[in-house]
Amino acid sequence: MERTEGHRSGRGETRATILAAAEQVFAKAGLAGARIDAIAAAAGVNKALLYYYFKSKGGLYEAVMEDHFSEFNRQALALLAAPGPARTVLLRYVSLYFDFISTRHRYAALYQQLMTARGRPLERLVRKYFVPRSAAVKKLLERGIRAGEFRRADPRHTTISVVGLIVFYFSAAPVLRMLGHADAYNAANLKRRKQEVLDFIRHGLFLDPQGTTS
């Protein structure tokens, strides 16, 4: 029994090591540019192990993206369906999303690559994660409009705008640094940016921007 559990634990650690290495390589080179040899070398494992666990480079890429999306979607969907004022739920969702990306420094690069990808991996990930989350955000926005909390706005475009406010800051981090701005992931800068995003949403969407949230 102990031997079996130890074997499973070892397999889990190997898989996690490969995923971490693949995330680094994919974030830098993209799916098309990433090489299995480079991922195996970064993980310190034999290339055959990558195929054993993930079957193909595409399968490994999907597993990396799954690792990012699965836990976030679980938390996000539970939060978006929570009772309470729509304005409160929306700001908590935005905070969750912002905090998630701020702790995963390669998410923005991977997300940006995914948005320009083609083929079955993108379609499957969109159906599994993006569609239910977008539907939940749309339902929340419509609830807020009906309740008189939000101004009348197109839910689809509002969702796109909210995602842009959160993600673009991290996607543009390398360019911002070249323009003389400090590290985007610096704690003080993250705190300031998060507050700016929340304030922008309050004043752009809420009918009473100064109203309290609970």
Side-chain angles (χ1 to χ4, degrees), residues 11-36 38-40 42-43 45 49-51 53-81 90 92-138 140 159-176 183-185 187 189-190 193-194 197:
R11 289 181 62 183
E13 290 175 1
T14 300
R15 188 178 188 278
T17 298
I18 294 171
L19 283 174
E23 176 187 302
Q24 180 180 357
V25 174
F26 283 133
K28 183 177 181 180
L31 174 59
R35 296 180 59 83
I36 286 293
I39 296 172
V45 301
L49 270 180
L50 274 68
Y51 290 107
Y53 283 108
F54 303 102
K55 309 305 180 187
S56 66
K57 185 172 74 168
L60 178 54
Y61 178 78
E62 285 193 60
V64 168
M65 300 310 297
E66 288 262 6
D67 188 51
H68 280 274
F69 291 141
S70 58
E71 177 59 20
F72 174 68
N73 253 45
R74 185 190 68 77
Q75 295 182 46
L77 291 176
L79 193 159
L80 289 166
L90 179 61
R92 287 176 180 170
Y93 169 69
V94 171
S95 293
L96 173 70
Y97 202 168
F98 188 95
D99 291 344
F100 174 82
I101 301 179
S102 71
T103 59
R104 295 191 174 216
H105 292 196
R106 297 188 183 96
Y107 177 90
L110 291 167
Y111 183 91
Q112 189 170 341
Q113 292 167 12
L114 184 64
M115 293 300 98
T116 59
R118 297 287 188 277
R120 292 179 61 185
L122 173 63
E123 293 173 5
R124 195 186 72 80
L125 289 166
V126 167
R127 285 196 302 270
K128 186 174 182 179
Y129 296 109
F130 286 53
V131 170
R133 183 150 45 94
S134 294
V137 173
K138 180 175 181 289
L140 175 67
T159 300
I160 295 170
S161 297
V162 169
V163 172
L165 279 171
I166 299 167
V167 178
F168 180 77
Y169 172 75
F170 298 99
S171 298
V175 175
L176 292 174
D183 180 12
Y185 291 92
N189 290 333
L190 286 172
R193 177 59 188 175
K194 183 178 177 180
V197 169

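Throughout, residue positions are numbered sequentially from 1 according to the sequence presented. Bear in mind that the values here come from a model prediction, so they are computed numbers and not experimental data.
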Fit a plane to each ring of Phe26 and Tyr61, take the angle between them on a 0 to 90° scale, and name the class: parallel (under 30°), tilted (30 to 60°) or perpendicular (over 60°). perpendicular
For Tyr169 and Ala184, indicate whether the former's side chain and the latter's backbone hold a donor-acceptor pair under 3.5 Å. yes
Side-chain heavy atoms of Asp183 within contact of Leu176, under 4.5 Å: no
Step-by-step side chain to side chain contact (heavy atoms under 4.5 Å, CB included) determination, Leu165 to Arg193: CA-CA 10 Å; Leu165 279 171; Arg193 177 59 188 175; 4.3 Å; yes
Side-chain contact, heavy-atom cut-off 4.5 Å: Val167 with Tyr97? yes
Distance flag, aromatic centroids of Phe98 and Phe170, threshold under 6.0 Å: yes
Are any non-hydrogen side-chain atoms of Arg15 and Phe54 less than 4.5 angstrom apart? yes
Stepwise, does the side chain to side chain contact (heavy atoms under 4.5 Å, CB included) test hold for Lys194 with Asp99? CA-CA 9 Å; Lys194 183 178 177 180; Asp99 291 344; 3.0 Å; yes
salt_bridge(Arg124, Glu66) N-O dist < 4.0 Å: yes
Do Phe72 and Arg133 have side-chain heavy atoms sitting under 4.5 Å apart? yes
Rounded to the nearest 0.5 Å, how far does OG of Ser134 lie from CD1 of Ile160? 8.5 Å
Counting N and O atoms only, with roles assigned by atom type, does the side chain of Lys57 sit under 3.5 Å from a partner on the main chain of Ala34, one being a donor and the other an acceptor? yes
d(Leu80 CG, Leu90 CG) to nearest 0.5 Å is 8.5 Å
Is there a side chain to side chain contact (heavy atoms under 4.5 Å, CB included) between Ile36 and Tyr51 once you walk through the steps? CA-CA 9 Å; Ile36 286 293; Tyr51 290 107; 3.6 Å; yes
Is the number of heavy atoms from other residues, nucleotides or ligands under 6.0 Å of Phe168 CZ greater than 12? no
